[in-house]
Undergrad: 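Okay, here's the structure, questions in a sec.
Everything numeric in this text was worked out from a predicted model, so none of it was measured. Numbering of residues begins at 1 and proceeds along the displayed sequence.
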Amino acid sequence: MGFADQRFNVNLSILFTELPLLERPAAAAAAGFTAVELWWPWIETPTPEQSELDALKKAVEDAGVQLTGLNFYAGQLPGPDRGALSIPGTESERFRANIDVAIAFAQSLGCTTFNALYGNRIDGVDPAEQDALALENLVLAAQAVGRVGGTILIEALNQPESPKCPIVSAPKAIEIVDKVNEATGLGNAKFLMDLYHLSMNGEDLPSVIEQYAARTGHVQIADNPGRGAPGTGSLPLEDLLDQLTKAGYDGWVGLEYKPGDKPSAAAFEWLPREARAAR
C-alpha cells in the first residue's frame, strides 16, 4: 500500500494559483493528474454570469480532467471568511442563491460532491440563532444535492487558524452531519476529513480514522507544520491514508496544500508521476 494506491485530485484553489483560473485545469493535467476540485471560484458573487461558468466548464473539459468536488459559496475564501451559511442576513441569502447555481455547474461536469463551509461566529449574534440558520440552510442544500444523487460535506477546520469557526473538531463536524441527516432523512451528509486541520487541533488522527472513516465522504491532506506537500512536515500521511483504506475508505484524497516558494508544478515530487492519474 502507500501513496500509489490512493485516488488523488488537485485542489485548484490552493495549487496552481500563480496561474489564471482558466489555465489551472490544463496545468494539473500537464503535471499528470486527471481529477481536480475547487473552492467556489467567484468569491465576490454566488451567481456569476453564465459566460464565466461556461468558460470554466470548457477549461476543465478541454484539459481532460474530472471535477470531483466543489465548495458552495463561502464568502472571502481564502481570506477572513470561513463560510456563509450560518451568517444572518446577506451572506445567508447569498449562500441560498448559490445552491442551484453550484449544483448545475458541477453536475454539468459530472460532479455531485459539495463542501458546505459553516462560517464564523458573529459578534452580537446569539450562537443558537446562527446554528438554527445553519441547519436550515444545510437542509436546503442537502435536499437540493439529493435531487442529483449527490453528497454534501461538513468540514472541521482548525482553531488556531479559524478561531471564530465553531466546527473545529471531528466530533463537532459529525454532530452537524447527524443533525442534517436526521432532518432530511436522506443520509447524504458526510464528514470531510481534512487531516491537516485535525492535526492542527491536536486530535488523535488514528482514532479519528477508526471512529469516522465510515462516515467520511472526502479526505484532504497537507503536511503539518506549514500546510505544505507531504514530506515537508511531520505527519505520517502515507500511514494515515493506508489506515483509511484498511478502514474501508475508497474515495478521493484532495491535495489541498501550499506549494511553498516553488511553482506548483514542482510541488508533487513526493508522488511518482505514474501514481497521479486517477484509477
Undergrad: For Trp42 and Glu49, run side-chain hydrogen bond (donor to acceptor under 3.5 Å, both in side chains): C-alpha distance rounded to whole Å, both residues' side-chain angles, the deciding distance at 0.1 Å, then the answer.
TA: CA-CA 10 Å; Trp42 299 278; Glu49 295 292 333; over 6 Å; no
Undergrad: For a ring-ring contact (aromatic ring centres under 6.0 Å, His included) with Phe8, tell me which candidate from Trp270, Tyr257, Phe33 qualifies.
TA: Trp270
Undergrad: Enter the distance from Arg121:CZ to Ser86:OG here, rounded to the nearest 0.5 Å.
TA: 6.5 Å
Undergrad: Should Glu182 and Lys179 count as an ion pair when the cut-off is N to O under 4.0 Å?
TA: no
Undergrad: With no hydrogens and no angle check, is any side-chain donor or acceptor of Asn115 less than 3.5 Å from a backbone partner on Ile152?
TA: no
Undergrad: Can you tell whether the side chains of Arg82 and Glu155 come within less than 4.0 Å, N to carboxylate O?
TA: no
Undergrad: What about Phe95 and Phe72, are their ring centers closer than 6.0 Å?
TA: yes
Undergrad: Rounded to the nearest 0.5 Å, what separates atom CD1 in Ile221 from atom CG in Leu255?
TA: 5.5 Å
Undergrad: Looking at CG of Leu38 and CG of Asn71, how far apart are the two atoms once the value is rounded to the nearest 0.5 Å?
TA: 8.5 Å
Undergrad: Would you mind checking if Lys58 and Glu61 are paired as a salt bridge, meaning a charged N to carboxylate O distance below 4.0 Å?
TA: no
Undergrad: Checking Leu138 against Ile154 for the side-chain contact (heavy atoms from CB on, under 4.5 Å) test, could you report, in this order, the C-alpha distance in whole Å, the side-chain angles of both residues, the deciding distance, and whether it holds?
TA: CA-CA 9 Å; Leu138 284 168; Ile154 308 299; 3.7 Å; yes
Undergrad: From Asn158 CG over to Ser169 OG, what is the distance, rounded to the nearest 0.5 angstrom?
TA: 12.0 Å
Undergrad: Ignoring hydrogens and geometry beyond distance, is a side-chain donor-acceptor pair present between Asp131 and Tyr118 at under 3.5 Å?
TA: yes
